[in-house]
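Reckoned from all heavy atoms, side chains included, excluding hydrogens, waters and symmetry mates.
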Amino acid sequence: MKCSRYLILATLLVSLSFSSCDLERLPLTDLSEENFWNDEKNAELALTALYRGKITNGLEYSVSDFWSYHGLLFMEHLTDNAFDRRGENNDFYKISSGQLLNTNSFIKNYWSSAYSRIGKCNRFLEGMQKMPESDLKKRMVAEARFLRATQYHYLASYFKDVPLVTTVLSGEEANTVKRNSQAEILAWCATEFKEAAADLPRFKDISSSETGRACKQAALAFLGRTCMLQKDWAGGAAAYEEIINYGDNDIHASYPELFWPGTGIGNKENIFYIAYLENYVGCGMPQQVLPAKDGGWSLSNPSAGLFESYEFIDGTPFSYDDPRYNPNNLGENRDPRLDYTIFYNGANFMGTTYRMSPDYEASAKERLDYSSEASKTGFMWRKYFDENPINNIQSYSAVTPVIRYAEVLLGYLECLIESGQTINRSILDATINKVRGRADVGMPPITETDPSVLREKLRNERRVELAYEGIRYWDLLRWEIADKVLVGEVWGAPYPSSTTYAASTKEIDPTGNCRWYVGRRDFRNPQDYKWPIPLSEQNINPNLRD
């Protein structure tokens, strides 16, 4: 699915008129529905509001939607891949560091945005019952069911047990709904994705004039994800295999191009994505993500953990003790995706050199310390920027992927491993090695077939291939390893040549590699594996109380 100009331009016309409240607590009073559903064009316009959800235009200081750049990409701040410069008191950090409470503003916004889109979908589906039967009606109904199911997929992933609302509710009904179990929600999602996929067009049949509408492969990919949460490995493998067998999608030759304005749209790998459009519904990601030298706030910072997960160019694991490690050029001899994804002290970015070290003068725009508005890890994100001049850093044409074909291939391999299938070189070459063999990546093929070893290689491949796409946190929760990897110190870039490191870092790196100390996470087991329903919702509806 391509969510871009079709969504953005049409949504501007209808997003205010076709609205609903969380769990339908307020009736829809600003839309005359008597004759509205007699016109397919009206229905198509209304459909765009379902795609838009609560995604905001411009700069986002908080989460607005599961698919906004702040809600999707910045979810990486919950993981061992990144750190939010706003610090340990930021609500993102609290979610995964032992401080999660039912008053957390970010989880409240996730909840609100999901149920807002669900409510709109319910109203749309009810209205569509009044429309005469047609192929277009069937397709639009499938789109609405797909979009509604994606929101329940996210709710079941993080909140677990939530109300399953599939009809338009009165205010009284909305205030008394009861929770369904995660298992019930996921089973319902699986059915919805299967049935939606049956009535959606294939990826190859989405014309350029329809950019912004869902395809069969998008629904099947979410079905695959849902099966993985259910540990229905055979079902997940079947869903992913169906996408592969269609042959509509492929690995794009250039990794960076997948995330750039322009080239991120219309390729065969990006199956489902949000494409912001400058000066219409643009995003403020550059303002928050760029370094100070380029006018940004350095808000989102990659971690040493992510940096260390990229292999050497021959496919061997990274080690600071390896002679190929060059502390003066951290991307040398490494997986090319490292330099496609992040940059660091001494690297060239947007035409100038990025300078970040504890040794730099206090007046420098980029200074590694604990008070400057600069990176707190020493790392910054290159992904999503083609490094051409940006006209408006608060309204950028970013492409943020939700489903990529690379994830489909890696998900398929994981389902085969976990279902006990025999893995041979042919399967590896058709999945993980196809991802690693991308034309501008060219990492050596994986030959390991022992499931216990291959599992860890696959998990690392997901980490580096899908870095900063909002997948890592979901993976850590479903693998049930968050309480292992999200406990302990958070480290930043290494500075072995620094003369001021020992005196300026809050903690000395015990490994002797002079990594900058950032902070500490203390993810709790079991409570942090499940987000609490927001207190404001519990206060309204006692049935939602724990």
Q: Would you check, one step at a time, whether the test salt bridge (charged side-chain N to carboxylate O under 4.0 Å, His left out) holds for Asp80 with Arg472?
A: CA-CA 8 Å; Asp80 51 349; Arg472 178 67 174 171; 3.0 Å; yes
Q.
Test ring pair (Phe, Tyr, Trp, His ring centres under 6.0 Å) on Trp67 and Phe272; report intermediate values, then the result.
A. CA-CA 11 Å; Trp67 287 337; Phe272 184 99; 4.9 Å; yes
Q.
Let's go through Tyr354 and Phe349 carefully: what are the C-alpha distance in whole Å and the side-chain angles of both, what is the deciding distance for ring pair (Phe, Tyr, Trp, His ring centres under 6.0 Å) to 0.1 Å, and is it a yes or a no?
A. CA-CA 7 Å; Tyr354 178 67; Phe349 178 73; 8.1 Å; no
Q: Could you go through the salt bridge (charged side-chain N to carboxylate O under 4.0 Å, His left out) check for Arg520 and Glu507 one step at a time?
A: CA-CA 11 Å; Arg520 179 182 174 86; Glu507 298 284 345; over 6 Å; no
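Ion pairing between a basic and an acidic side chain is recognised when a charged N comes within 4.0 Å of a carboxylate O; Asp161 and Lys530 show such pairing. In this structure, Glu465 does not pair ionically with Arg436, as no charged nitrogen and carboxylate oxygen lie closer than 4.0 Å. Of the charged side-chain nitrogens involved, none lies within less than 4.0 Å of a carboxylate oxygen, so that Glu366 and Lys293 do not count as a salt-bridged pair. Arg515 and Glu489 are not joined by a salt bridge, as no carboxylate oxygen comes within less than 4.0 angstrom of a charged side-chain nitrogen.
A search for ring-ring contact (aromatic ring centres under 6.0 Å, His included) contacts involving Phe312 returns Phe318, not counting sequence neighbours. Judged as a ring-ring contact (aromatic ring centres under 6.0 Å, His included), and not counting sequence neighbours, Tyr310 has no contacts. Evaluation of the side-chain hydrogen bond (donor to acceptor under 3.5 Å, both in side chains) rule for Asp335 yields Arg337 as partners, not counting sequence neighbours.
Using the six-membered ring where Trp is involved, His70 and Phe106 have ring planes that are perpendicular, over 60° apart on the 30 and 60° scheme. Ring geometry for Tyr370 versus Trp516: interplanar angle under 30°, hence parallel rather than tilted (30 to 60°). Between Phe146 and Phe222, the ring planes are perpendicular. Angles over 60° get that label, and only those under 30° would be called parallel. Ring orientation note: the planes of Phe74 and Tyr468 are close to parallel, at an angle under 30° on the 30°/60° scale. The aromatic rings of Tyr276 and Tyr69 lie perpendicular to each other, with more than 60° between the two planes, well past the 30° mark.
Taking 4.5 Å as the limit, some side-chain heavy atom of Asn279 sits within range of a side-chain heavy atom of Asn392. Side-chain atoms of Phe92 and Arg86, non-hydrogen and from C-beta on, do get closer than 4.5 Å to each other. In this structure, Tyr405 and Ile251 have side chains that are in contact, with non-hydrogen atoms separated by less than 4.5 Å. Taking 4.5 Å as the limit, every side-chain heavy atom of Cys514 sits out of range of all side-chain heavy atoms of Pro494.
The only member of Tyr154, Trp111, Tyr115 that meets ring-ring contact (aromatic ring centres under 6.0 Å, His included) when paired with Phe159 is Trp111. Partner of Glu414 under the salt bridge (charged side-chain N to carboxylate O under 4.0 Å, His left out) criterion, out of Arg455, Arg459, Lys457, Arg478: Arg478 alone.
A donor-acceptor contact shorter than 3.5 Å links the side chain of Asn104 to the backbone of Asp91. The backbone N or O of Ser357 lies less than 3.5 Å from no partner atom in the side chain of Asn345, so there is not a single donor-acceptor pair.
The cationic atom of Lys383 (NZ for Lys, CZ for Arg) lies less than 6.0 Å from the six-membered ring centre of Phe259 and within 45° of the ring axis.
If you check the side chains of Arg225 and Ser157, you find no donor sitting under 3.5 Å from an acceptor. Looking at Trp381 and Glu76, their side chains never bring a donor and an acceptor atom within 3.5 Å of each other. Side-chain contact annotation: Tyr529 with Asp483, donor-acceptor N/O pair under 3.5 Å present. Between the side chains of Gln287 and Tyr396, no donor-acceptor pair is found at a separation under 3.5 Å.
Here CG of Leu535 is found 8.5 Å from CZ of Arg545. Values are rounded to the nearest 0.5 Å. Atom CG of Asn301 is separated from atom CG of Asp84 by 8.0 Å, given to the nearest 0.5 angstrom. Note that CG of Leu466 and CD1 of Ile471 are 6.0 Å apart. Values are rounded to the nearest 0.5 Å.
Taking the six-membered ring where the residue is Trp, the centroids of Phe379 and Trp491 are separated by 6.0 Å or more.
Across all non-hydrogen atoms, the minimal contact from Ser375 to Met380 is CB-SD, 3.7 Å.
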